[in-house]
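Below: the structure, in structure tokens.
To find a chain, count down the sequence lines: A is the first, B the second, and so on, and within it residues start at 1.
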There are 2 protein chains.
Amino acid sequence: MRADARRNYERLVEQAKLAFAESGVDASLDEIARRAGVASGTLYRHFPTRLDLIEAVLADQIGGLVDLGKRLLAADDAFEALTTWLRATLVHGLTYRGLAAAVMNSALDSELVSTWHARLFEVGTELVRRAGEVIVPGTDAEDVVRMIGAIAWASQDNPDRAERMLALLLNGLRR
Amino acid sequence: MRADARRNYERLVEQAKLAFAESGVDASLDEIARRAGVASGTLYRHFPTRLDLIEAVLADQIGGLVDLGKRLLAADDAFEALTTWLRATLVHGLTYRGLAAAVMNSALDSELVSTWHARLFEVGTELVRRAGEVIVPGTDAEDVVRMIGAIAWASQDNPDRAERMLALLLNGLRR
DNA sequence: TGCTAACCGGAGACACAGTCCGGTACCGTG
DNA sequence: CACGGTACCGGACTGTGTCTCCGGTTAGCA
């Protein structure tokens, strides 16, 4: 990658962070480009879709979550591990307004796309399966993962509500 | 209302039903107007917002749900009544793709708006409160109502998933 | 230093929600 | 029945945002 390209990439990620924090992940891409001092064509070249930009912005956070998930896969208490992962993922989903919707609509429903979020949810699915003996029999792992996305979506701007909804889900998962 | 206005209103509702069934409630309003043989200005005059059109299309269904809810308020088994309402509302939320999102984003988050859906959810909130002695203490009624919306949102096009998620919620509500 | 391909800027195409003004249709009254 | 007035109409137009594409520029390599 050329120096100017790298510079523009970094500027875009930086301005996207600010814009997402201000008005959610649905912030205008043109506006982000303008703030970064690049043309909109440049933004699309680096980030063909909005999710690409989102994931670039959240790369560190998602990477950390995937790592956490992998560590939890080695934990003894499967339910506790699952709880920790669910909570961490829920908190992640609340990072920016609209993030849960963007991810659920793009990453999970486009089975052709391999994304960071898809990897994150794979780990989660594995944690659900591993807890299989201590949760309600027949629980579909993907259901649980989607429930977290749904809770994040329904409780945007309200971490307390998110926590309460998570408690409902956890209670519902118990045998 | 004049005869031509009534005619146009009915045409719009009819075409909206078809368009929503085809491509969800996010179908282009211009396209619906075109299909109804009226100008887009006419559509907006009758239905200032998309939710107005949605509710006109679903007036009968929502009315029936509100009636059901009121009947359930008189039922002896509060948990059973709540379960019935939650399921009926969830099924309603799956009527059209995107309906849950449209409703949750518009009706519940705009506290200034009195809509059919707001009334539906009021009844639900009341049913949750009424079941207070048989569900987890401290359960926030609005949390539960929003969970239904969230489940509908996360399980679009997949009634089986919706049912499983509802089961998780119900299990989570039990003491 | 010169060449070339990676990369850029930004005008423009496209889609859609929503507005507004001159024209038309309907309905009520005489 | 005819007329007048207002409810209602059509559709051109505006605004916003996503996305494309072509001529111009820059960076990196030989």
Rounding to a whole Å, what distance do you find between [X]:[atom1] and [N]:[atom2]?
X	N	atom1	atom2	result
Arg7(A)	dG28(D)	CZ	C1'	14 Å
Arg11(A)	dC8(C)	CZ	C1'	12 Å
Asp30(B)	dA15(C)	CG	P	12 Å
Tyr44(B)	dG18(C)	OH	P	5 Å
Arg45(B)	dG11(D)	CZ	C1'	10 Å
Asp4(A)	dC7(C)	CG	P	8 Å

- Message: Taking the basic N atoms (NZ, or NE/NH1/NH2) and the acidic carboxylate oxygens, is any pair closer than 4.0 Å for Glu55(B) and Arg119(B)?
- Response: no
- Query: Between Glu14(A) and Arg11(A), is there a side-chain N and carboxylate O pair less than 4.0 Å apart?
  - Reply: no
- Message: Considering every strand and a 4.0 Å limit on heavy-atom distances, what is the contact class for Arg50(B): base, sugar-phosphate, or nothing?
- Response: sugar-phosphate
- Going by atom types only, do Thr125(B) and Glu142(B) share a side-chain donor-acceptor pair under 3.5 Å? no
- Query: Taking atom types as modelled, is there a side-chain donor on Asp52(A) or Thr49(A) under 3.5 Å from an acceptor on the other?
  - Reply: yes
- Within residues 14-27 of chain B, find the residues that approach DNA chain D with a heavy atom at under 4.0 Å, and present them sorted by residue number. none
- Query: Where each residue is assigned the nucleotide of DNA chain C containing its nearest heavy atom, which of Ala5(A) and Thr42(B) is assigned the position nearer the 5′ end?
  - Reply: Ala5(A)
- First encountered from the 5' end of DNA chain C, between Met1(B) and Ala39(A): Ala39(A)
- Between Arg71(B) and Asp67(B), is any pair of side-chain heavy atoms under 4.5 Å apart? yes
